[in-house]
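Structure first, then comments.
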Amino acid sequence: EALFQFITDAETPMTIGVQGDWGSGKTSLMNQMYYKFEVPKLKTKQIWVNTWEHSLLKTPQEALVSIIDAIINELSKDLNEDRRIVIRKKAQNVLQGAFRVGMSMTGGVEGAKVAKEWMESDNSIAELKKSLNKAVEELSPKEYNRLIVYIDDLDRLEPANAVEILELLKNIFSIKNSVFVLAIDYNVVVKGLAKKFGALTKENRWEYDAFFHKIIQLTFQMPVNSYDIGNYLRLLLKDIGFVQENELKAENLEKLIKVTIGGNPRSIKRLVNNIALNKIFISLKDNPKMKKPEPEMKKPEPEMTEPEKFLLVALNCIQIQYP
């Protein structure tokens with residue numbers, strides 16, 4: 001709710017970093033934001049970009065081109081045909097120029113000459129930004145008051161590639177009425193900057209922080225310590241039919257999780273998948289059709305008791321954490 005209000009009223013351009021470890025719920029939070037803004041009267045245009053999908057089977061440069069192209073393509077859909085053609089052509093020229101510069105930057109005078117020519121041409125990033133600003137002005141306030149772009153799965157990329165994408169996004173899309181929401185793990189940025197600044201030390205820490213703060217104006221830390229992980233696990237176990245309404249106390253489950261797998265939501269989902277499979281094993285084991293014929297069929301074993309269910313959860317936690 002607070003992020004929603006902040007994005008609605010914030011000065012633009014604005015870049016927000018939704019920061020947290022792998023599996024801490026960054027994508028889920030951004031999905032909630034997206035659906036909260038899907039109200040016609042708010043007049044927002046939203047674009048969702050999954051960087052991981054754009055990077056599959058591509059070089060880092062090709063991934064960058066694909067991501068930028070996807071955003072511009074979505075943005076230009078609501079423009080008139082002439083404006084759309086101009087911006088798409090401009091974007092393609094800029095991206096091709098960037099690619100040419102990237103291929104030339106092997107050092108020496110020639111590479112620097114190519115870069116200088118490109119920066120001073122009509123196909124530079126500065127020229128593309130002008131075109132994009134005009135495009136957003138055309139959209140607003142006639143149809144949209146705000147453009148929101150969600151960039152997901154940056155922390156699944158190679159750290160150096162993630163940093164490169166961050167820099168290019170910042171340079172191109174620092175435009176009026178736009179808010180970028182990035183799902184990012186600070187540790188990935190740190191790894192990606194190692195080539196640029198060297199290994200992180202007390203002495204060069206400020207360079208790392210300066211890079212991060214130059215790109216991101218607001219950091220929202222995922223509030224993992226506030227998650228109600230005991231009740232969350234109970235809810236998931238109930239969804240798979242493993243526990244009944246009043247079985248397994250949430251506080252006991254929370255204590256168990258904290259001393260084993262931790263409170264990461266994705267880790268908890270993995271645990272529940274394990275238990276769902278165990279539940280199938282048990283049902284097959286108790287199924288007479290799965291057993292060899294016996295002279296006298298024994299009575300079916302009773303369902304698991306509550307202590308047995310807790311023990312099964314505990315053993316799965318231990319097995320996952322200490323394989």
Side-chain angles (χ1 to χ4, degrees), residues 1-4 16-36 50 52 150 152-156 181-188 190 219-288 290-291 298-323:
E1 182 63 31
L3 270 179
F4 170 75
I16 298 170
V18 177
Q19 190 176 313
D21 295 337
W22 175 89
S24 58
K26 299 187 293 294
T27 301
S28 297
L29 176 70
M30 294 203 309
N31 268 310
Q32 289 180 51
M33 296 296 301
Y34 188 97
Y35 287 111
K36 197 166 176 62
N50 186 303
W52 173 249
Y150 303 88
D152 194 19
D153 273 346
L154 272 168
D155 48 8
R156 291 183 68 183
V181 185
L182 313 176
I184 192 161
D185 181 349
Y186 182 75
N187 294 322
V188 170
V190 168
T219 300
F220 178 85
Q221 186 73 43
M222 293 301 295
V224 289
N225 291 330
S226 302
Y227 292 169
D228 188 357
I229 54 178
N231 274 312
Y232 178 56
L233 177 54
R234 273 194 79 256
L235 179 66
L236 294 179
L237 292 174
K238 189 179 168 189
D239 285 345
I240 65 169
F242 183 73
V243 297
Q244 303 304 313
E245 188 63 43
N246 298 315
E247 288 186 314
L248 302 188
K249 290 183 179 177
E251 56 265 36
N252 291 339
L253 291 172
E254 183 168 338
K255 287 177 186 175
L256 173 63
I257 290 168
K258 283 184 174 178
V259 297
T260 52
I261 63 172
N264 185 298
R266 196 168 292 172
S267 296
I268 293 172
K269 285 180 180 177
R270 286 167 60 87
L271 167 67
V272 172
N273 287 339
N274 276 30
I275 293 167
L277 181 60
N278 289 163
K279 184 171 174 281
I280 296 170
F281 285 149
I282 292 165
S283 67
L284 292 176
K285 178 187 168 190
D286 292 342
N287 184 346
M290 298 296 295
K291 297 180 180 179
K298 295 179 181 177
K299 290 181 182 179
E301 295 176 21
E303 286 190 14
M304 293 179 74
T305 64
E306 186 175 348
E308 286 172 335
K309 289 179 180 179
F310 186 82
L311 180 60
L312 182 62
V313 174
L315 288 170
N316 271 281
C317 287
I318 294 167
Q319 185 184 38
I320 292 168
Q321 188 62 23
Y322 308 105

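These figures come from a predicted structure and were not determined experimentally.
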List for me each residue that meets side chain to side chain donor-acceptor pair (under 3.5 Å) alongside [X], sequence neighbours excluded, and say none if there are none.
X	result
Glu306	none
Glu247	Lys309
Tyr150	Gln46

How far apart are the closest heavy atoms of [X] and [Y], and which atoms are they?
X	Y	result
Gln221	Gly20	NE2-CA, 4.2 Å
Ala183	Asp153	CB-N, 4.4 Å
Val18	Lys26	O-CD, 3.2 Å
Ile282	Met304	CD1-SD, 3.5 Å

With a 4.5 Å cut-off on side-chain heavy atoms, are [Y] and [X] touching?
X	Y	result
Val188	Ile184	no
Tyr227	Met222	yes
Thr27	Asn31	yes

Which value, rounded to the nearest 0.5 Å, describes the distance between [X] atom [atom1] and [Y] atom [atom2]?
X	Y	atom1	atom2	value
Phe242	Ile240	CZ	CD1	7.0 Å
Met33	Phe220	CE	CZ	9.0 Å
Leu233	Leu248	CG	CG	8.0 Å

Using the side chain to side chain contact (heavy atoms under 4.5 Å, CB included) rule, take Ile229 and Leu253 through it: C-alpha gap first, then chi angles, then the decisive distance, then the call. CA-CA 8 Å; Ile229 54 178; Leu253 291 172; over 6 Å; no
Apply side chain to side chain contact (heavy atoms under 4.5 Å, CB included) to residues Asn273 and Leu277 and explain how you reach the verdict. CA-CA 6 Å; Asn273 287 339; Leu277 181 60; over 6 Å; no
Which residues satisfy the side-chain contact (heavy atoms from CB on, under 4.5 Å) test with Thr305, sequence neighbours excluded?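 So Thr305 forms a side-chain contact (heavy atoms from CB on, under 4.5 Å) with Pro307, Glu308.
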Donor-acceptor pairs under 3.5 angstrom involving side-chain atoms of residues 310-323: please list them, not counting sequence neighbours.
unit_1	atom_1	unit_2	atom_2	d
Asn316	ND2	Asn278	OD1	2.6
Asn316	ND2	Leu312	O	2.9

Could you tell me which residues satisfy salt bridge (charged side-chain N to carboxylate O under 4.0 Å, His left out) with [X], sequence neighbours excluded, listed by chain and number?
X	value
Glu251	none
Asp185	none
Lys249	none
Lys36	Glu1

Could you list the donor-acceptor pairs under 3.5 angstrom formed by side chains in residues 257-267, with sequence neighbours left out?
unit_1	atom_1	unit_2	atom_2	d
Lys258	NZ	Glu254	OE2	3.1
Thr260	OG1	Leu256	O	2.7
Thr260	OG1	Ile257	O	3.4
Asn264	OD1	Arg266	N	2.9
Asn264	OD1	Ser267	N	3.4
Asn264	ND2	Trp22	O	2.4

Counting only N and O atoms by type, is there a donor-acceptor contact under 3.5 Å from the side chain of Lys269 to the main-chain atoms of Gly23?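 Flag not set: sc Lys269 to bb Gly23 has no pair under 3.5 Å.
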Stepwise side chain to side chain contact (heavy atoms under 4.5 Å, CB included) check, Leu182 with Ile16: CA-CA 6 Å; Leu182 313 176; Ile16 298 170; over 6 Å; no
Could you tell me which residues satisfy ring-ring contact (aromatic ring centres under 6.0 Å, His included) with Tyr186, sequence neighbours excluded, listed by chain and number? Phe212
Scan residues 231-245 for pairs that pass side-chain hydrogen bond (donor to acceptor under 3.5 Å, both in side chains), counting only residues two or more places apart or in two chains.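 Counting only pairs at least two positions apart or across chains, the side-chain hydrogen bond (donor to acceptor under 3.5 Å, both in side chains) contacts touching residues 231-245 are Asp228-Asn231, Lys238-Glu245.
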